[in-house]
S.K.: 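Right, I'll just put the structure down here and ask away after.
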Amino acid sequence: MNMRWNLDKLYTSFECEELKNDFQLVDKLIKDTTDFVNTNFTDTDNAKDKLEKYLETKNNIENCISRLYDYGYLTYSVDTKNVTALKQMERVESYLPKLTIIDVKFQKWISDLDNLDEIIASSDILKEHEFIIKSSKRLSKYLLSDAEEQLIAEMQNTGSNAWAKLQDTVTSSLLVDYEDEKLPLTVIRNYAYDPSAEKRKKAYEAELKAYEKIDQSSAACLNAIKGEVVTIAKKRGYESPLDMTLVGARMDKETLDAMMTAIKEYLPHFHKYLKKKAKMLGHEGSLPFYDLFAPVGEVDMSYTFEEARDFIVKNFSSFSNKLGNFADNAFENRWIDAEPREGKIGGAYCSNLHCIKESRIMANFSGSLNDVTTLAHELGHGYHGDCLKDETSLNSDYPMPIAETASIFCETIVMNAALKNATDEEALVILETDIMGSNQTIVDIYSRYLFETALFEKRKDASLSVDELKEIMLEAQKEAYGDGLDHNVLHPYMWNCKPHYYYFDANFYNFPYAFGLLFAKGLYAKYLEMGNDFLPKYDKLLEATGKNDVKDVLDIMDIDSHDVDFWRSSLEIVKKDIDKFLAL
Ligand SMILES: [Zn+2]
């Protein structure tokens, strides 16, 4: 079976006529739109026509730009030495400041429209885009002057973006002294999963030692980026960087607070799991950080790519034929690049190619159960894209917290199926792998949330020293992991290796993971309760993700995101797995 994807539907090559034409088209569209906003967004006459025309052009630009960018990125991700692909991505990125200016002009103009409801009601296209239009108006209050906006857009390339690139270069070129070798950080961090206890411990010690070589520069990058965030958030009139993040994520503070309250309540159950794991691995008391990912039990569950396909399609079909057919079609028509090979990036991702109403999935399949659930996860993202394919480009962009819903849902389907067919020994391993993942998504994510909160609080006044950063990381880990982890063997340098802290546009890129997991678990519980009545509602929910606030998306399923009990009921599912694991 062919394990490489086919991208011909996007373009057949970087030299093909269609690609050249699309670049010309984008150039023209951006120039025309710039002229259009400059001449038309000066008064509020004919607002309906102007608004319609603007949305139509914006949809066209988005479609065209993402097609060009995605072709570059997809090609690059399986062939990282491809200079042409990289150049194409950079060429598309160079359009972004121009698009920012267009957006700012639009948002300012729309903030001056008083009778917006009336205008929207008079047009089908506008009604379809009501959410986007209204949220643009809502967000316009955070805009600065045109000159300031332009300056910020340009200065970010030499500011936060440059610092983020530096951090990336510093960590990706860091070599760790391990025995007689010098190894990259990614290799060393992977040893955390090794069956050898000695290797895990040594790798952890070597990793921490290596950060001493880069901690000053990492701290400088982090201080610069977070300092810029603090300044910009304040200038724009947000209460705090967290407030700015929540607005961007279309999520309210009440939802976050309800979820965090429930998480705090359930931490002790995770601590029990960690202590049990410590015992299984021969430790007295709590687990040392370096054994968080240690494998427990030895069973050989391996799958060929064909077997993975059959397993996924069969179990997806038991949920719904639509989902099963979707996955089957993705395998059949080579939407998946699963073959591990040199020059390909690590991990896995799914790219929803709205412009061609399809998706492509990149993975590194080596036959483990984890690889099968990863494929199921990415196919879940693909299915989400499929539910959005008939929406316009502007209506198919969903916010961070919702992004992991469909993926974790599909992962749960496959994980449960694997559990059902497993022997006791296999079940133990499957359960442990699953809980280990949940522990990361809930407990570790909670520690990152605490760390980032403390970091922003202190950064308001001054830069933080390396020692201060280590200190607040340790405090965060102690609070989140409680007595589950050995307080003398934590990881004070986590802020060096997680890239999320260095994304200017994605602060607090932690709670969305917890949200995704708990929302998906809650949905799965609903599915078990509702049976087939769940299916149409689920599709409707996914269709609505691009044009609603998070709270309203959950409302579709009659879930109140402000209700702590909903989050408790999701955590209860994880707790039951923990109990089952403890019993086994
Ligand atoms: Zn995902």
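Positions are given from 1 along the sequence. Start at 1 and go down the list; that is how both ligands and their atoms are numbered.
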S.K.: Centre of Tyr266's six-membered ring, under 6.0 Å away, within 45 degrees of the axis: is that where NZ or CZ of Arg568 sits?
M.R.: no

S.K.: Could you tell me whether Asp328 and Arg309 make a salt bridge, using a distance below 4.0 angstrom between a side-chain N and a carboxylate O?
M.R.: yes

S.K.: Please tell me if the side chains of Glu93 and Tyr69 come closer than 4.5 Å, counting only heavy atoms from C-beta onward.
M.R.: yes

S.K.: Heavy-atom count check: over 12 atoms from other residues, nucleotides or ligands less than 6.0 Å from Glu306 CD?
M.R.: yes

S.K.: To the nearest 0.5 Å, what is the distance between CD on Glu358 and CG on Leu7?
M.R.: 10.5 Å

S.K.: Closer than 2.8 Å to the Zn ion (ligand 1), which protein N, O or S atoms?
M.R.: His377 NE2, His381 NE2, Glu404 OE1, Glu404 OE2

S.K.: Among Glu62, Glu128, His129, His354, find the residue that satisfies the side-chain hydrogen bond (donor to acceptor under 3.5 Å, both in side chains) test when tested with Thr392.
M.R.: His129

